[in-house]
Amino acid sequence: MLERIGKEDNCQTILLYHSLPDEVETHALIRTLHAAGKTVLLPTVAGDVLELHIYEGEQALSMGISYGIQESKGSLFTDYGKIDLAIIPGMAFTVQGDRLGRGKGYYDRLLPQLTCPLIGIAFPFQMVTYIPCEPHDIRMKEVITA
């Protein structure tokens, strides 16, 4: 299922995340999209927010201090209106697109700034029937299971 992500011609700038061991693996997808000439953005924890940086290859990744996530040392990206697609991690999702994060609110602060389609990716066991949501929670357009 993941192989279809970002392949459309009109999808040039894609926000992804460099997966942790307990998340759906995204490393190959990042490399594939980058090799295809797509602009791949990876989040970097900066205090209480996520900054987006352009992925410039494996050699331009470094271990993040906060969570041990590989983060891009590439150029800072701030033109959120140019993002065509965002792939969002979560601990659990519903089929309606509700999302449960890790509890720090990083994506809660980032998602309201995005106007592109939001796609969650999860293992089948991460799909649940109910997640308590608050008014600020933003639903995913779709959730893909891997």
Side-chain angles (χ1 to χ4, degrees), residues 1-128 131 136-146:
M1 267 318 242
L2 295 183
E3 60 275 355
R4 72 182 175 104
I5 291 176
K7 302 295 181 171
E8 302 84 11
D9 289 337
N10 63 343
C11 192
Q12 188 58 39
T13 303
I14 303 155
L15 170 60
L16 266 161
Y17 63 95
H18 202 272
S19 56
L20 291 169
D22 64 343
E23 296 173 324
V24 173
E25 199 276 331
T26 60
H27 308 171
L29 179 59
I30 290 167
R31 289 189 301 270
T32 299
L33 292 172
H34 178 69
K38 307 287 184 169
T39 301
V40 176
L41 307 174
L42 296 178
T44 297
V45 175
D48 290 335
V49 299
L50 290 177
E51 291 182 345
L52 305 184
H53 289 263
I54 298 173
Y55 173 77
E56 296 174 350
E58 294 294 308
Q59 75 285 351
L61 293 175
S62 65
M63 187 67 67
I65 296 168
S66 298
Y67 297 94
I69 300 169
Q70 289 285 338
E71 299 175 334
S72 175
K73 296 184 291 186
S75 302
L76 181 65
F77 186 91
T78 58
D79 192 354
Y80 295 166
K82 289 195 175 181
I83 300 173
D84 299 310
L85 180 66
I87 308 303
I88 309 298
M91 297 303 292
F93 294 92
T94 67
V95 294
Q96 295 82 16
D98 297 319
R99 175 186 165 274
L100 178 67
R102 292 187 180 264
K104 299 293 184 181
Y106 290 108
Y107 281 94
D108 290 335
R109 290 183 283 282
L110 175 65
L111 296 181
Q113 301 177 66
L114 304 180
T115 58
C116 63
L118 307 174
I119 308 294
I121 56 175
F123 295 111
F125 70 83
Q126 291 177 290
M127 299 300 296
V128 299
I131 292 174
H136 68 270
D137 290 326
I138 296 177
R139 279 188 168 169
M140 303 294 103
K141 175 183 177 190
E142 180 182 358
V143 180
I144 297 172
T145 56

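Each residue takes its place number in the sequence, starting with 1.
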Assess whether side-chain contact (heavy atoms from CB on, under 4.5 Å) is satisfied between V24 and I144, documenting all intermediate values.
CA-CA 10 Å; V24 173; I144 297 172; over 6 Å; no

Determine whether I131 and D137 satisfy the following criterion, side-chain contact (heavy atoms from CB on, under 4.5 Å), listing intermediate values before the conclusion.
CA-CA 11 Å; I131 292 174; D137 290 326; over 6 Å; no

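With values rounded to the nearest 0.5 angstrom, I30 atom CD1 is found 15.0 Å from K38 atom NZ. In this structure, the separation between NE2 on H136 and CG on L111 is 10.0 Å, given to the nearest 0.5 Å. Considering CZ of R31 and OG1 of T26, their distance stands at 9.5 Å, rounded to 0.5 Å.
Contact detail for E23 and L20: the closest heavy-atom pair is OE1-N, 2.8 Å. Taking both residues in full, the closest heavy atoms of M140 and I119 are given as SD-C, 4.1 Å, listed atom of the first, atom of the second, then distance. Listed here is the closest heavy atom pair of S19 and E25: OG-CA, 3.3 Å. Taking all atoms of both residues into account, the shortest heavy-atom contact from P124 to A146 is CD-O, 3.2 Å.
For R109 and Y107, the positive end is not near the middle of the six-membered ring at less than 6.0 Å and at most 45° from its axis.
With a 4.5 Å cut-off on side-chain heavy atoms, L110 and L15 count as touching.
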Got a list of side-chain donor-acceptor pairs under 3.5 Å for residues 41-56, not counting sequence neighbours?
from, atom 1, to, atom 2, distance (Å)
E51, OE1, H53, NE2, 3.1
H53, ND1, G74, O, 2.8
Y55, OH, E58, N, 3.2
Y55, OH, E58, OE2, 2.8
E56, OE2, S75, N, 3.4

In residues 77-96, what donor-acceptor pairs under 3.5 Å come from side-chain atoms, sequence neighbours left out?
from, atom 1, to, atom 2, distance (Å)
D84, OD2, Q12, N, 2.7
D84, OD2, T13, N, 2.9
T94, OG1, Q96, N, 3.3
T94, OG1, Q96, OE1, 3.2
T94, OG1, G97, N, 3.4
T94, OG1, D98, N, 3.1
T94, OG1, D98, OD2, 3.4

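Residues that satisfy the side-chain hydrogen bond (donor to acceptor under 3.5 Å, both in side chains) test with Q126, not counting sequence neighbours, are absent from this structure.
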